[in-house]
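Order of the sequence lines fixes the chain letters, A, B, ..., with proteins taken first and strands second; residue numbering starts at 1 for each chain.
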Amino acid sequence: MAQQKILTYLPVLPSGELMGSAAELLGAAAQLGSPVGVIVTTPGMAEAAAESAGELGAATVRVAEHEAVGTTLTEPTVDVFTTAWEDLRPEAVLVPNDIDGRDLAARLSVRTHSAIAADVVGVHRDEEGIVAHHSVYGSTFTTESATTHGTLIITLREGAVDYRGQPVTPEIHRVELGELPPQAASITEFSASVEASTRPDLRGAPTVVAGGRGLGSAEGFALAEQLADALGAGLGASRAAVDAGYAPHSLQVGQTGVTVAPDLYIALGISGAVQHLAGMQTAKTVVAINKDPEAPIFDIADLGIVGDVFEVVPQLIETLKAQRP
Amino acid sequence: MRIAVLVKEVPDSYGARRLNLTTGLAEREASDRVLDEITSRAVEAAVSHAESAEGVEVVLVTMGPESAESMLRKTLAMGADSAHHVLDPGLLGADMTLSAEVLAAVLQRIGCDLVISGDVSSDGTGGVIPTMIAERIGAAHATSLDSLTITDSSVTGNRETYGGTVTVEAQLPAVVSVTERLPDARFPGFKGIMAAKKKPLETYTLADLGIDPAADVPRSILLSVTEAPARTAGEKIHDEGDAGKRLAEYLIDKKLV
Ligand SMILES: Cc1cc2nc3c(=O)[nH]c(=O)nc-3n(C[C@H](O)[C@H](O)[C@H](O)COP(=O)(O)OP(=O)(O)OC[C@H]3O[C@@H](n4cnc5c(N)ncnc54)[C@H](O)[C@@H]3O)c2cc1C
Ligand SMILES: Nc1ncnc2c1ncn2[C@@H]1O[C@H](COP(=O)(O)O)[C@@H](O)[C@H]1O
């Protein structure tokens, strides 16, 4: 029997590069069947992206380029996916669990009468079909789900899957966009974020340094940035630090922010509220520095340091520098 | 203009949230049930718009167990005009397909120009219900908005995407979802609480909405539930002037740097 097709959404950044989640989406797709990448961009952006998709394991790539992609929210992508779904009857559709991926999954599931598995952290196949893994209530429970029949639409949590596909030379199919519904929301403005950071993305980074309200100010938060850079780590923040304006919301770790599972998580001036722990408690090693010996973060820290971050962290950075000429 | 706000009751994240290891359903006794914080911000957005514009009516819509009724009364006290509650034993363990079908059916029945919801619920973390509803009722969607401007005919807002911020605009009817960047909800005053007792609260069953939960459509089903082992506390040291050095040694020792 031919391998089952797994339709995979590969968003393209304004720079023309594939979004970082492409590697794990195609990795998860390769675990399940034959990955078919889908790229929907404004004209001139797709060619290079399709080549990179091949390097990440997409044997086939469907490509659509249209001006409407830059001006109409979600609908162009839904249109391309609906046609691809009708042509290929994939066993699964994989999209990133980000705001664009979720909108696509939602519309496509209603349009094709398919079940959704949302915020999935892993996949496998058993005799009966595809099984999706979920991490529930801030990683305190693990569940598995499946669809009773039909295609399963999966929104995959970023940074959750380690498996990677084998590089191939992709077969590229160009497809046309159909007619879009007149009521779709329009995109009227785009402003690129200013701090295009050179730090690793928080979601996939093996080490994450996160700062909390204990850093006291935006200037104080720079200490977390310095440590992150000294360690080549991703940078995170608590909600209190985000609310106080020390860090942008995209860095928030926790229940209503990003969930991370790095090898090492270093929490600076973070108390360890349950909603923060929800986003990081599956890290392999947790180190916490806090001046309150009763801070709940110490209940889950492998190494807890009761002390002032402004004394401990500079000494840490200096010691590490001295060790590594 | 009529604005419907999708409000949801969830287990309080400050408590110990638990799943039943046999049924996979939330254990009601384990934690208090509260209004999902993000949906309280959605109510705030609707109510504050109603205060600043003429002829705006705010209705609350929820699907959930009996306990949701007192949540609805408390939320009506924030200034909404009426509430609509779908309550049916057939909804126990409903998947997202069924939830969206039910919510879309109530919304179509009561009729509205704008639906405001939270972006992601704190228990299910799906973040797909609002757009599924938009598809079902034939409306535009504009989700995960960090800001929201409502006029008589349209909604506008900003959303954070990869590489930047986009401004989106939808003509009504539309479904929008908002993030925690929107203003916090108000505390209802005594007058609001008294007034809420007399506000209309309507309950619907699945039969009222003409929905059959056993219909032969693809459903997401739960296969297994396991409890993750709890994390325990490790070593704790008090800084005596050398904690930075000791931490460096620890990280080097464990090959973490
Ligand atoms: C629905 C909901 C969702 C939420 N979602 C999230 C979420 O996604 N992420 C999140 O983080 N929070 C979330 N929260 C908020 C959460 O409850 C806490 O309020 C928040 O995590 C606290 O952040 P913090 O630890 O930085 O601040 P605080 O709790 O104020 O802690 C600051 C800590 O810094 C320590 N400190 C101060 N000065 C120093 C110093 N010089 N050196 C060392 N230590 C110092 C203090 O001892 C204190 O423990 C949510 C809350 C709700 C209700
Ligand atoms: N049972 C429900 N009743 C009312 N609103 C809901 C329900 N489920 C989801 N919603 C709305 O949809 C939003 C996103 O939920 P979800 O897709 O479950 O993450 C929530 O913030 C609510 O506004």
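Across all non-hydrogen atoms, the minimal contact from B:G164 to A:F190 is CA-CE1, 3.9 Å. Heavy atoms only, all atoms of each residue included: B:A248 and A:L320 are closest at CB-CD2, 4.0 Å. Across B:R17 and A:G138, no two heavy atoms sit closer than the pair NH2-N, 3.9 Å. For B:R231 against A:I300, the heavy-atom pair with the smallest separation is NE-O, 2.9 Å. Closest heavy-atom contact between A:A106 and B:T131: CB-CB, 3.5 Å. A pairwise comparison of heavy atoms in B:D239 and A:G307 identifies CB-CA, 4.0 Å as the closest pair.
Here A:A118 is the residue among A:S135, A:A233, A:A118 with the most heavy-atom pairs under 4.5 Å with chain B. Ranked by heavy-atom pairs under 4.5 Å with chain A, the list B:A134, B:G124, B:G24, B:S177 is led by B:A134. When each of B:E235, B:E240, B:E101 is checked for heavy-atom pairs under 4.5 Å with chain A, B:E235 comes out on top. Ranked by heavy-atom pairs under 4.5 Å with chain B, the first of A:M19, A:R107, A:E75 is A:R107. In terms of heavy-atom pairs under 4.5 Å with chain A, the best-connected choice from B:R136, B:M96, B:E227 is B:E227. When each of B:A170, B:A174, B:S224 is checked for heavy-atom pairs under 4.5 Å with chain A, B:S224 comes out on top. Comparing B:G234, B:P218, B:G138, B:P130 by heavy-atom pairs within less than 4.5 Å of chain A, the highest count is held by B:P218. Interface summary for chain B: among A:R111, A:E311, A:H113, the most heavy-atom pairs under 4.5 angstrom belong to A:R111. When each of A:N97, A:D100, A:L231, A:L277 is scored by its heavy-atom pairs under 4.5 Å with chain B, the top score falls to A:D100. The residue among A:A283, A:P181, A:A288 with the most heavy atom pairs within less than 4.5 Å of chain B is A:A283. Contact count against chain B (heavy-atom pairs under 4.5 Å) is highest for A:L303 among A:V78, A:T188, A:L303.
Of the two parts of B:L251, only the side chain, counted from C-beta on, holds a non-hydrogen atom closer than 4.5 Å to a non-hydrogen atom of chain A. Both the backbone and the side chain of A:I187 come within contact range of chain B, judged by heavy atoms closer than 4.5 Å. In this structure, chain B has no heavy atom under 4.5 Å from any part of A:K291. Contacts between A:Q183 and chain B at a heavy-atom distance below 4.5 Å involve backbone atoms as well as side-chain atoms. Only the side chain of B:R181 comes within contact range of chain A, with heavy atoms under 4.5 Å apart. Contacts between B:Y250 and chain A at a heavy-atom distance below 4.5 Å involve the side chain alone, from C-beta outward. Only the side chain of A:L13 comes within contact range of chain B, judged by heavy atoms closer than 4.5 Å. In this structure, the portion of A:T207 lying under 4.5 Å from any heavy atom of chain B is its side chain and not its backbone. Neither the backbone nor the side chain of A:P314 comes within less than 4.5 Å of any heavy atom of chain B. Proximity to chain A is limited to the side chain of B:I252, based on heavy atoms less than 4.5 angstrom apart. Both the backbone and the side chain of B:T125 have a heavy atom closer than 4.5 Å to some heavy atom of chain A. The part of A:S114 that comes within reach of chain B is its backbone (N, CA, C, O), which places non-hydrogen atoms under 4.5 angstrom from that chain. Only the backbone of A:T282 comes within less than 4.5 Å of a heavy atom in chain B; its side chain stays farther off. Heavy atoms closer than 4.5 Å to chain A are found in the side chain of B:E180, but not in its backbone. Within the 4.5 angstrom heavy-atom criterion, only backbone atoms of B:A139 (N, CA, C, O) approach chain A. Of the two parts of A:E318, neither the backbone nor the side chain holds a non-hydrogen atom closer than 4.5 Å to a non-hydrogen atom of chain B. The parts of B:A26 that come within reach of chain A are both its backbone and its side chain, each placing non-hydrogen atoms under 4.5 angstrom from that chain. Only the backbone of A:A301 comes within contact range of chain B, with heavy atoms under 4.5 Å apart. Heavy atoms closer than 4.5 Å to chain B are found nowhere in A:L152, neither backbone nor side chain. Of the atoms belonging to A:V313, not a single heavy atom falls under 4.5 Å from chain B. Within the 4.5 angstrom heavy-atom criterion, only side-chain atoms of B:P11, from C-beta onward, approach chain A. In this structure, chain A has no heavy atom under 4.5 Å from any part of B:I133.
Between the OG1 atom in B:T161 and the CG atom in A:D98 there is a gap of 9.0 Å [rounded to 0.5 Å]. We find the CG-NZ distance between A:L264 and B:K255 to be 14.5 Å, quoted to the nearest 0.5 Å. Taking OG from B:S122 and CD from A:Q255, the interatomic distance works out to 5.0 Å, rounded to the nearest 0.5 Å. Residue B:Q171 holds its CD atom at 7.0 Å from OG of A:S186, rounded to the nearest 0.5 Å. Annotation: the span from A:S109 atom OG to B:M132 atom CE amounts to 3.0 Å, rounded to 0.5 Å. One distance of note links CG of B:L223 with CD of A:E144; it measures 6.0 Å at 0.5 Å rounding.
In this structure, A:R102 contributes its side chain and B:D119 its backbone to no donor-acceptor pair below 3.5 Å. Judged by distance alone, with hydrogens and angles left aside, the side-chain atoms of A:T147 form no donor-acceptor pair with the main-chain N or O of B:S220 at under 3.5 Å. Judged by distance alone, the side chain of A:Q315 and the main-chain N or O of B:K245 form a donor-acceptor pair under 3.5 Å.
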Exercise. Give the C-alpha distance, both sets of side-chain angles, the deciding distance and a yes or no for side chain to side chain contact (heavy atoms under 4.5 Å, CB included) between B:I237 and A:V306.
Key: CA-CA 6 Å; B:I237 59 176; A:V306 183; over 6 Å; no

Practice problem: Using the side chain to side chain contact (heavy atoms under 4.5 Å, CB included) rule, take A:I116 and B:T97 through it: C-alpha gap first, then chi angles, then the decisive distance, then the call. | Solution: CA-CA 8 Å; A:I116 297 193; B:T97 302; 5.6 Å; no

Quiz item: side chain to side chain contact (heavy atoms under 4.5 Å, CB included) between A:T256 and B:V120: does it pass, once the steps are laid out?
Solution: CA-CA 8 Å; A:T256 46; B:V120 178; over 6 Å; no

Practice problem: List the steps, then state whether side chain to side chain contact (heavy atoms under 4.5 Å, CB included) holds for B:T226 with A:F141. | Solution: CA-CA 6 Å; B:T226 35; A:F141 289 86; over 6 Å; no

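Electrostatic pairing of B:E37 and A:R239 counts as a salt bridge here, judged by a charged N lying under 4.0 Å from a carboxylate O. Using a cut-off of 4.0 Å between Lys/Arg side-chain N and Asp/Glu carboxylate O, A:D103 and B:R159 are scored as salt-bridged. Comment: A:D302 does not engage B:K236 in a salt bridge, judged by the lack of any side-chain N to carboxylate O separation of less than 4.0 angstrom.
In this structure, B:D152 places its CG atom where only 12 or fewer heavy-atom neighbours from other residues, nucleotides or ligands lie under 6.0 Å away.
The side-chain heavy atoms of B:D216 and A:H149, taken from C-beta on, include a pair separated by under 4.5 Å.
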